[in-house]
Amino acid sequence: MISYDVIVVGAGHAGCEAALACARTGLKTLVTTLSLDGIGFLPCNPSIGGTAKGHLVFEIDALGGEMGKCADCTTIHKRMLNSSKGPAVHSLRVQVDKVKYHEIMKSTLENEPNLTILQAEVADILVKDNKVTGIKTAMGEKFGARAVIVCTGVYLNSRTLTGKYIRNSGPNGFMNATKLTRSLCRLGFTILRFKTGTPMRIDGRTVNFDALEVQPGEDNLPNFSKSTRRNAKNAANCYMGYTNERTHEVIRANLKFSPLYQGVIKGVGPRYCPLIEDKIVRFADKNRHQFFLEPEALSTNEIYVQGLSSSLPYHAQIDFIHSIKGLENAHLMRYAYAIEYDCIDATALHHTLESKSISGLYFAGQINGTSGYEEAASQGLLAGLNASLKLRAKPPLILGRDDAYIGVLIDDLVTKGTNEPYRMMTSRAEYRLLLRQDNADLRLTRLGYSAGLVTRANYNKLLKKENEIKRGEEILNKVLPPSTALNDFLTEHGEPTIKSGIAIKTLLKRNNINIYDLNAKFHLFEDYSPEVLYQLNIITKYEGYIDIQRHQVELQHQNEGITIPPELNYNDLRGLRLEARQKLQRIQPKTLAQASRISGVSPADINVLTIYIKQLKNNKR
């Protein structure tokens with residue numbers, strides 16, 4: 001039997017990051033995939049980033065991951081979402097060439113030292129004495145491993161549904177995995193059934209783009225990765241349109257054919273991204289719904305119709321598409337479908353994404369109940385790094401809710417669990433002003449370097465940036481004397497003039513003054529990079545709000561510092577409500593702060609728990 005340090009099951013976005021993280025930190029790694037054609041594949045939206053998701057990609061790159069690099073070199077359309085709002089929610093989103101994205105990610109894995117790829121279906125996770133020992137494939141072949149990372153995406157017992165046509169397959173017609181769920185059940189994991197969907201693809205040559213609203217890309221936006229040397233050019237446009245009452249009539253008339261409303265679909269779907277037939281029913285007062293046309297790749301005429309996911313039969317899809325302005329003659333190249341699949345209850349995992357019951361067994365991606373490429377990749381990276389750190393006898397990498405969006409994501413999954421496909425949103429992060437996408441490197445690159453994944457070159461870039469910011473902050477504290485030039489500048493920008501000296505920092509806090517205009521006029525920050533000027537501008541203008549959030553973090557850390565004795569039996573604490581006892585016993589939180597975030601545990605329960613912990617400590621004394 002051939003043995004490896006780590007085996008990664010699945011080569012989607014989670015699997016790719018997990019495998020690369022392990023291999024690049026010196027571990028002999030095997031990654032299995034149902035199909036080599038599915039490596040790094042984007043079966044749904046051909047985009048990377050978006051609201052909160054862009055934050056995840058920046059964080060993945062800051063820790064040494066691959067997704068940002070691959071997205072940068074395959075970008076064909078670029079936009080910054082929420083740019084009219086505050087910097088906390090600015091989110092980069094790019095359309096990528098999905099064909100090239102797959103090709104480049106596959107090539108990256110193929111050419112990575114220490115990494116071996118195998119096309120195979122994994123049927124069993126091998127365990128001995130509550131410790132993982134390897135895997136067994138559907139063909140009966142066994143491979144040994146000191147750690148196994150399960151990244152199976154939406155392929156476990158998956159089936160796609162289009163009207164009455166039901167097919168046992170993964171997305172895009174790929175084969176599914178039919179055996180591994182039974183192995184996970186035998187190992188004691190709770191299996192959930194989730195659902196998601198993808199829209200039709202239409203032939204771009206049959207679309208009347210003049211009847212739709214063009215959505216051009218934006219120039220001079222940052223890259224996701226610090227390793228990317230060139231700035232991607234916008235090579236294609238996206239378009240926006242709307243459904244109409246005729247569209248809704250067609251959909252309502254065909255609801256009787258929808259597996260969603262016939263009870264055929266058993267999986268739980270996401271509230272935030274419903275099928276179009278579900279939108280029509282749930283939002284009956286809306287006379288139109290927005291959608292976007294997005295190119296799949298530069299080498300194909302296929303257009304992705306974002307916003308019109310559906311499980312309706314093919315004839316209904318054709319009819320409702322043809323009722324839309326601009327799509328009257330659109331040819332459907334691929335029909336939309338819903339997809340159901342198995343996943344696990346992630347509360348069975350530690351914050352490292354290692355199983356609580358089986359040492360060396362990790363889970364990452366949609367198997368943990370999430371949706372989205374970025375959520376999957378970030379989990380894969382953390383699972384891979386933690387498996388590597390454990391095998392190298394180093395401390396784990398656990399990100400807190402104030403460290404990263406990845407920390408929020410993982411804490412939500414392992415503490416609260418999820419009863420629907422989980423999607424990262426900025427509203428989930430309590431400290432989002434501290435967790436901006438622009439400062440991901442400042443927050444996380446040191447951690448990635450310590451873990452052995454960030455390159456020395458990128459670490460040196462961080463040191464240079466930190467030094468430049470420090471020198472810039474010294475300049476901000478300097479006082480500008482009153483002068484005709486300065487007062488003319490203030491008048492020009494609609495601000496009151498000054499009669500005595502004013503600190504540059506104070507000046508920048510005025511509404512109509514920014515560091516770029518000030519620097520252009522008085523050359524205060526010569527040779528400073530645009531990203532450092534951006535940092536200086538934000539930390540000055542939002543200084544008060546940033547200080548408030550840092551104070552909130554300090555208060556939260558006080559509870560994080562109160563550890564719960566691992567031997568505590570919550571069933572013995574009669575002061576707790578039954579629901580709280582059951583959930584605390586199942587999840588086994590490590591700190592009082594984590595316990596307070598468990599759904600179903602009330603502030604009153606936390607008070608009881610706090611008193612009991614204090615009593616235990618006093619008794620030990």
In Å, rounded to the nearest 0.5 Å, how long is the span from [atom1] of [X] to [atom2] of [Y]?
X	Y	atom1	atom2	result
Arg471	Glu466	CZ	CD	13.0 Å
Glu374	Leu409	CD	CG	11.0 Å
Leu524	Ile475	CG	CD1	7.0 Å

Check this for me, if you would: do [X] and [Y] make a salt bridge, where the nitrogen-to-carboxylate-oxygen distance has to be below 4.0 angstrom?
X	Y	answer
Glu296	Lys98	yes
Glu543	Lys505	yes
Arg443	Asp403	no
Asp37	Lys106	no

Exercise for the section: Can you label the angle between the His55 ring and the Tyr405 ring as parallel, tilted or perpendicular, going by 30° and 60°? Expected result: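 It falls in the tilted class, 30° to 60°.
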
Handout entry: Residue pair Phe489, Phe522: steps toward the ring pair (Phe, Tyr, Trp, His ring centres under 6.0 Å) verdict
Key = CA-CA 10 Å; Phe489 174 82; Phe522 298 103; 5.7 Å; yes

Problem - Pairing residues for Tyr542 by the side chain to side chain donor-acceptor pair (under 3.5 Å) criterion, not counting sequence neighbours - result: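 Counting only residues at least two positions away or on another chain, Tyr542 forms no side chain to side chain donor-acceptor pair (under 3.5 Å).
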
Distance-only, no hydrogens or angles: does the [X] side chain make a donor-acceptor pair with backbone N or O of [Y] under 3.5 Å?
X	Y	result
Thr418	Pro421	no
Glu468	Ser529	yes
Thr491	Asn487	yes

Within a radius of less than 6.0 Å around [atom1] of [X], do more than 12 heavy atoms belonging to other residues, nucleotides or ligands occur?
X	atom1	answer
Lys509	NZ	yes
Asp547	CG	yes
Lys461	NZ	yes

Exercise for the section: Answer with yes or no after comparing the ring centroid distance for Phe224 and Phe58 against a 6.0 Å cut-off, counting only values under it. Expected result: yes

Contact check, side chains of [X] and [Y], non-hydrogen atoms, under 4.5 Å:
X	Y	answer
Cys16	Leu109	yes
Gln379	Phe363	no
Leu536	Glu473	yes
Cys44	Leu42	no

Problem - Verdict with reasoning, Lys465 to Asp441, per salt bridge (Lys or Arg N to Asp or Glu O under 4.0 Å) - result: CA-CA 10 Å; Lys465 182 176 179 179; Asp441 55 338; 3.0 Å; yes

Practice task
Locate the shortest heavy-atom distance separating Thr228 from Lys69; write the atom from each residue and the value.
Solution key: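 It is OG1-CA, 4.4 Å.
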
Practice task
Could I get the full list of ring pair (Phe, Tyr, Trp, His ring centres under 6.0 Å) partners for Phe525, not counting sequence neighbours?
Solution key: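 Expected list: Tyr528.
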
